[in-house]
Amino acid sequence: MVFSSSTFLLAFLPVTLILYFIIPCRPYRNVLLLVASLFFYAWGEPSYVVLMLFSILFNWLLGCAIQGSKNHARIPLVISLILNLLVLGFFKYEGFVADSINTLLGTSIPNLELPLPIGISFYTLQALSYVIDVYRGKVAAQKNPLYLGMYIAMFPQLIAGPIVRYSTIEEQVQNRKENFRDFCSGARLFVIGMGKKVLLANIVAILAEEMLARGGADIGVIGAWSGLVAYAFQIFFDFAGYSDMAIGLGKMFGFQYLRNFNYPYISKNITEFWRRWHISLSSFFRDYLYIPLGGSRVAKPRWVFNLFVVWFLTGLWHGAAWNFVLWGLFYLAILLLEKLVWGNLLARLPSIVQHLYSILVFMFAWLLFWIEDMGQMGQYLTAMFGGFGLTGGATLWELTFWEYLPVLVICIVAATPILPWLRAKLVAWVNGRKLKNFLECDIPNEKALATKSLCDYQGYLEEGRAAGTLHSKRSAVFSVILTLADIALIALFVLSICAIVSGSFNPFIYFRF
């Protein structure tokens, strides 16, 4: 089951919400969320629910053992690391490792062709963060296995993230306070995310799939670049849309997750890009791998090695294929060059040049991510740089990319903070103050990642009300605008539902995770 399905939207979610708010006490609500999450997962992966229950049980036992073993806590920690990584490695990488060894050594190790448990990479990293944080003393071990199970299996972020650390929601497990205000802001964010997924990502995915299927020789420069641009928007709006939906669902149930995307396509360099893209993953590798390895506070060769380990594993985490490893190592090379060679020069160039540089880098990276076959990738690259002419073997009319131009324009607007900037200008006007920097660049700062105020209309006015600078007439205008915004979101929700029910193209790109 996925968020962008009629089963989820018209049956599972309404029933779960009704039952959740009928139940009067917190413990039973938590158990309901666990049961609902297991049912959600079992809908598409019935046999692998047992695997998830096993993960919940052994991580709960080992977390308790770590907290109860003052002098020998490292032993259960190591056991947990080994078990989690073995489970992930076996189900996700067995076939990849077998095929790679067979190709390299000429052996005949069998590829078991195991179906990949959906979301195993996400919930495994969450379990690891919990156990490690218990060992570090950052969180207390959860005594109730059902509550830990709710955290690991929680359906909003189960199959597509964000990777939610237990430290983020530790207090919320038993002490969160659901309210109508958070529910409304969560519902708004959910609808926005669904619109990104269904009305943007799914539409441009058709163009991307068509151009890739036709091959570089048949589409030329125009077709190759339009297909790659479409894929770049598809993966962003699909992934960011799912994250928005997950964060919105969490708010509806009283949880406050952290932001996972912060307009990465406006970045001026690749270091900034990775502070804005899939923040929960990059921060996980930073805090649980890069820093424990020594981070940047080591000799330069060791620092390069630390970065190599992080980016090799980052690439491998995304999929069991060599193109993902190549994708990770490509980013490693670019980040090293930014740090050691051209970073200072880049910072002195005009902003537009910095943006164009970043766009070219991550577009080429998406090509590595997109195409697994190296021969097909080579042909596509040849097409991108004019090897097959402007349109290849097709006419401009046959490429059909022009049909998607209106959607691509909307994608450009939605991928930049134009609308948030207009909202921030409006809020500043209503509150009688000047606009501050509304888009934080300091992504490691958790305050910049907080989602409490996202889509919270009431909160937009509180600052001015508290400072005594709120203009009554302006606030009345603002209230009308917010009402119109809610009407627009209702229309967006209806359009998304219609697209889903009609059976429109609705790819699920998280199968490899």
Side-chain angles (χ1 to χ4, degrees), residues 26 29-30 33-34 37 55-56 59-60 63 66-67 80 84 119 121-179 182-183 185-186 189-190 193 239-240 242-262 275-292 440 442-456 459:
R26 173 77 57 240
R29 286 184 174 182
N30 287 342
L33 286 179
L34 171 60
S37 297
S55 176
I56 291 169
N59 281 295
W60 171 72
I66 288 171
Q67 185 158 294
S80 175
N84 278 296
S121 296
F122 289 102
Y123 72 74
T124 299
L125 293 193
Q126 290 195 172
L128 283 171
S129 73
Y130 162 74
V131 173
I132 294 171
D133 282 351
V134 171
Y135 176 78
R136 291 174 174 176
K138 189 174 181 179
V139 299
Q142 175 55 254
K143 303 299 183 183
N144 189 329
L146 299 181
Y147 288 2
L148 183 65
M150 179 196 68
Y151 157 69
I152 292 176
M154 186 73 168
F155 73 86
Q157 36 75 53
L158 175 60
I159 59 174
I163 300 165
V164 179
R165 302 187 195 183
Y166 187 73
S167 58
T168 301
I169 65 163
E170 182 182 17
E171 290 299 317
Q172 301 172 34
V173 170
Q174 299 186 64
N175 300 317
R176 66 187 181 279
K177 300 198 181 291
E178 304 89 343
N179 57 71
D182 281 346
F183 184 92
S185 63
L189 188 57
F190 178 84
F239 212 164
Y242 257 100
S243 290
D244 286 347
M245 285 190 277
I247 294 167
L249 285 170
K251 288 168 72 70
M252 293 164 72
F253 290 103
F255 291 94
Q256 300 295 333
Y257 299 150
L258 299 180
R259 189 189 300 256
N260 202 29
F261 288 85
N262 192 26
R275 289 176 179 166
R276 294 178 177 275
W277 178 275
H278 202 350
I279 301 164
S280 63
L281 178 67
S282 55
S283 62
F284 178 93
F285 278 108
R286 179 198 66 205
D287 294 342
Y288 296 101
L289 184 60
Y290 179 65
I291 291 177
E440 295 287 346
D442 185 19
I443 293 304
N445 177 5
E446 288 200 358
K447 291 182 179 179
L449 303 181
T451 57
K452 177 71 175 176
S453 61
L454 281 181
C455 299
D456 179 12

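Hydrogens, waters and symmetry mates play no part in the numbers below; they use all other heavy atoms, side chains included. Note that the structure is a prediction, hence the values are computed from the model and not measured. Counting begins at 1 with the first residue of the sequence.
- Heavy-atom minimum distance, N260 versus S243: ND2-OG, 3.1 Å.
- The side chain to side chain contact (heavy atoms under 4.5 Å, CB included) check on N179 picks up R181, D182, with sequence neighbours excluded.
- Residue R26 comes nearest to V173 through the heavy atom pair CD-O, 3.5 Å, listed as atom of the first residue, atom of the second, then distance.
- Residues S185 and C455 come closest through the heavy atom pair CB-O, 3.2 Å.
- A 4.5 Å side-chain heavy-atom check between Y130 and V134 finds at least one atom pair inside the cut-off.
- Put simply, CZ on F284 and CG on L289 are 8.5 Å apart, with the number rounded to the nearest 0.5 Å.
- A 4.5 Å side-chain heavy-atom check between Q157 and F122 finds every atom pair outside the cut-off.
- Two residues are said to be in side-chain contact when any heavy atoms from C-beta on lie closer than 4.5 Å; N59 and S80 meet this criterion.
- Here the side chain of E178 pairs no donor or acceptor atom with the backbone of G254 at under 3.5 angstrom.
- Atom CE in M154 sits 7.0 Å away from atom CD1 in I169 (nearest 0.5 Å).
- At a cut-off of 3.5 Å, with distance as the only test, no side-chain donor of T124 or N84 sits close to an acceptor on the other residue.
- Looking only at distances, a side-chain donor or acceptor of R176 sits under 3.5 Å from a matching main-chain atom of F253.
- Separating the CD1 atom in I163 from the CG atom in L281 is a distance of 4.5 Å, to the nearest 0.5 Å.
- Counting only heavy atoms from C-beta outward, the side chains of I279 and L258 never approach each other to under 4.5 Å.
- Taking CD1 from I247 and CG from L454, the interatomic distance works out to 7.0 Å, rounded to the nearest 0.5 Å.
- The structure places CE of M150 at 8.5 Å from CG of L34, a figure rounded to the nearest 0.5 Å.
- Counting heavy atoms from C-beta on, the side chains of R165 and Q126 never come closer than 4.5 Å.
- At least one donor-acceptor pair closer than 3.5 Å links the side chain of Q67 to the backbone N or O of A141.
- In this structure, the side chain of D244 does not engage the main chain of F190 through any donor-acceptor pair within 3.5 Å.
- Checking side-chain atoms of Y257 against main-chain N and O of P156 turns up no donor-acceptor pair under 3.5 Å.
- Shown here for R286 and P292, the closest heavy-atom pair between the two residues is O-CD, 4.2 Å.
- In this structure, CD1 on I132 lies 9.5 Å from CG on L125, to the nearest 0.5 angstrom.
- Contacts of Y151 classified as ring-ring contact (aromatic ring centres under 6.0 Å, His included), with partners at least two apart in sequence or in another chain: Y166.
- Listed for the N30 side chain is no donor-acceptor partner under 3.5 Å among the backbone atoms of L146.
- Across all their heavy atoms, A153 and L158 have their closest contact at O-CD2, 3.7 Å.
- In the model, S283 has no side-chain atom that pairs as donor or acceptor with a side-chain atom of D287 under 3.5 Å.
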TODO: Take V131 and Y135, measure what side chain to side chain contact (heavy atoms under 4.5 Å, CB included) needs, and give me the verdict at the end.
DONE: CA-CA 6 Å; V131 173; Y135 176 78; 5.7 Å; no
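- Not one N or O on the side chain of W277 forms a donor-acceptor pair closer than 3.5 Å with the backbone of F261.
- Here the side chains of L249 and F155 are in contact, with some heavy-atom distance below 4.5 Å.
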